[in-house]
Amino acid sequence: MQMQHLRREFKVAREKNESDADQEVASDDSEHLAKLNANLAKVEALSKRLVAAMGQRSPADVGLQGPGQDLYMKAGMAYWAEMLSNPGKMLETQAQYWGQAMSHFMEMQNALAEGKMPLLPDDDLPSDKRFTNPLWRTHPYFNFVRHQYTMGSEAIRQAVADLEGLEPKDKYRVEFFANQVIELFSPTNYFATNPDALEKAVETDGESLVHGLENLVRDMETHQGEILPTLADPEAFEVGGNIGRSEGSVVYRNRMMELIQYAPKTDKVHKTPLIIFPPWINKFYILDLKPQNSLIKWIVEQGYTLFVVSWKNPDASYADVGLEDYVEDGFLTAIDQVKEITGEKQVNAVGYCIAGTTLNLTLALMKKRKDKSVKSATFFTTLTDFSEQGEFTPFLQDDFVEAIERQIDQDGVLSSYFMSRTMSFLRSKDLIYGPAVRSYMMGEAPPAFDLLFWNGDSTNLPGKMTMQYLRGLCQGNGLANDGFELCGETLSLKDVTVPLCAVGCKTDHIAAWVDSFRGVTKMGSKDKTFILSESGHIAGIVNPPSKKKYGHFTNADVSGTAEDWLAAADFNEGSWWPLWEQWLAKRSGAMVTAREPGADGQEILAPAPGIYVKEGKAA
């Protein structure tokens, strides 16, 4: 009787547990369903905003969306010429790709039919951080997709590489745009073939897709209907708050720029003041992101009276502003103001990127005018000889430049959007598709990264200046060749005769160091120093000694080619800043009492970083 009683109790308990489990599952399913329905409702609301944002889009010139038809015709003609002259080679290439793709497909089909897990080894695949999810190796579907993409990509690259009969610039452009197609069609860019996005959507009951759509709508609303992923959290930084915070004062302002004088950090300073001209394509606070890597702070701490120019972000009213305005109302005016404030007859000057190019124009003009106000010049990642256009070759041909000109005629300025997009396409995997996947498919918030925040805070370019730069300097290479007409003079690199120091960056994809070096060899100065920093356009310059991260190369002989210079150069551990400061100190005079902004009744217009740097934050 007791046994029967126990059996009945166990039966009741088991049935109760099963009932409770069913209720828990049902409850859990109900919660998931409710969450999914809520997310679907959010998608509907966001979709309406998305449609409205798309309606804000202003049609851009078609020439800015891709290469001109002439490039397609040249590539097509080259392909058919190769087909006619060597049909066997072309057919062999095609057959090889078809054979690989079909063999892979049949292997997968047969293995699946036999109930196996048909996985190919990764040994033959290039390392690619996009494919780190284990499912790319362990799941038949994703494994198949990845291998097919790799084979297709290689087939496209090989087909382009085999094209003959194209001019070098045209061949480079075909290769560039073919690679853009390859990057565009990466399976990681599409929801159905991205295991990371699919897994997260399931785990979050679709919430990740809602966040992704929110991010997409936000970016399209910010960029007036255009899609450009936000690279950094726009709310994480404040210029003058947690970045760009070095102590100083705006001591002069005109329509082109603000002049900032930084407060001294030493009792004594070098007699000759230093002025830095940053590029106006971006904003100057790249040199003052945070105290740990601020070049501005470091220079002041070495005992210099430092001035930095902060450029105006132009609107359509600046359409007729040209390089002559930057030279006269920017460079020359700033130099005169620094001389007046400090009471010195000469200054040392630094130009970064396009400002370095324009500093060369200014120095050549001063030579013509017999103006000796600049004692020495330093150039950071500066191009002056454009005979080789490097990675910008796809964007410096007539079809693209003519499209820019038409857009400028319409808008008055070259919008920061087009500049940002162009720069991003030079590294589309890292600056377009990767951020888009994380933001729009994974629903992740952009990181709080100060460098990427600065990168997104780009500026417009005046119409006239843009075309002078593209036509006269980049395409015409006037400064390095027959001369560039500006301010009533013909200016040439041979007119740059002040002592100079140039800093290039080894992996710079914007201003290739070999091109920068070639320009230095054409300058007229007899006192030349060249330093090659490791890393790229920004990290190679913003490389404080405290980080001990990137080294630099030195070689006193700058008379030969860049290749010869590097072959004979010495490698030095750590930042190039101390070496440059030693060079600068020798040209900066004796030590005098430190100069405070506002001394001797000088008017203070605003505290650093000023108001221009905060105006018209580019979309």
_Non-neighbouring partners of S415 that pass side chain to side chain donor-acceptor pair (under 3.5 Å), sequence neighbours left out_ = none

*Non-neighbouring partners of S387 that pass side-chain contact (heavy atoms from CB on, under 4.5 Å), sequence neighbours left out*: D385, N477, R518

*asked:* Between the side chains of K312 and E615, is the shortest nitrogen-to-carboxylate-oxygen separation below 4.0 Å, so that they form an ion pair?
replied: yes

*Can you run down the side-chain hydrogen bond (donor to acceptor under 3.5 Å, both in side chains) pairs that involve residues 566-579, sequence neighbours left out, and say none if there aren't any?*
T554-N572

*Which residues share a side chain to side chain donor-acceptor pair (under 3.5 Å) with D430, sequence neighbours left out*: none

*Name all pairs fulfilling the side-chain hydrogen bond (donor to acceptor under 3.5 Å, both in side chains) condition that reach into residues 339-348, sequence neighbours left out, sorted by first residue then second.*
K271-E344, K339-S373, E344-R595, N348-S376, N348-S588

Per-pair distances, 0.1 Å, donor-acceptor, side chain in residues 492-500, under 3.5 Å, sequence neighbours excluded:
unit_1 : atom_1 : unit_2 : atom_2 : d
S492   : OG     : K494   : N      : 3.4
D495   : OD2    : S492   : N      : 3.2

*asked:* Salt bridge check, E603 against R253: does any charged N sit closer than 4.0 Å to a carboxylate O?
replied: no

*May I ask you to decide if the ring planes of F453 and F237 are parallel, tilted or perpendicular, using 30° and 60° as cut-offs?*
tilted

*Output yes when D527 and K586 qualify as a salt bridge under the 4.0 Å nitrogen-oxygen rule, no when they do not.*
no

What donor-acceptor contacts under 3.5 angstrom involve side-chain atoms of residues 324-331, with partners at least two apart or in another chain?
unit_1 : atom_1 : unit_2 : atom_2 : d
E324   : OE1    : Q468   : NE2    : 3.0
E324   : OE2    : K464   : NZ     : 2.5
D325   : OD1    : R255   : NH2    : 3.1
D325   : OD2    : G322   : N      : 2.7
E328   : OE2    : R369   : NH1    : 3.4
E328   : OE2    : R369   : NH2    : 2.7

*Listed by chain and number, what are the side-chain contact (heavy atoms from CB on, under 4.5 Å) partners of A316, not counting sequence neighbours?*
none

*Quick one: list whatever passes side-chain contact (heavy atoms from CB on, under 4.5 Å) with I432, sequence neighbours left out.*
S424, F425, S428

*Those residues that, when tested against N293, pass side-chain contact (heavy atoms from CB on, under 4.5 Å) (two or more places apart)*: L289, K290, V542, P544

*Under the side chain to side chain donor-acceptor pair (under 3.5 Å) test, residues paired with T561 that sit two or more places apart*: D564

*Do K614 and D457 meet the salt-bridge criterion of a basic N to acidic O distance under 4.0 Å?*
no

*asked:* Taking side chain to side chain donor-acceptor pair (under 3.5 Å) as the definition, give me every residue that meets it alongside D508, ordered by chain and number, with sequence neighbours left out.
replied: H537

*asked:* Can you tell me if Q292 has over 12 outside heavy atoms packed within less than 6.0 Å of its CD?
replied: yes

*Pair W580-T378, side-chain donor/acceptor within less than 3.5 Å*: yes

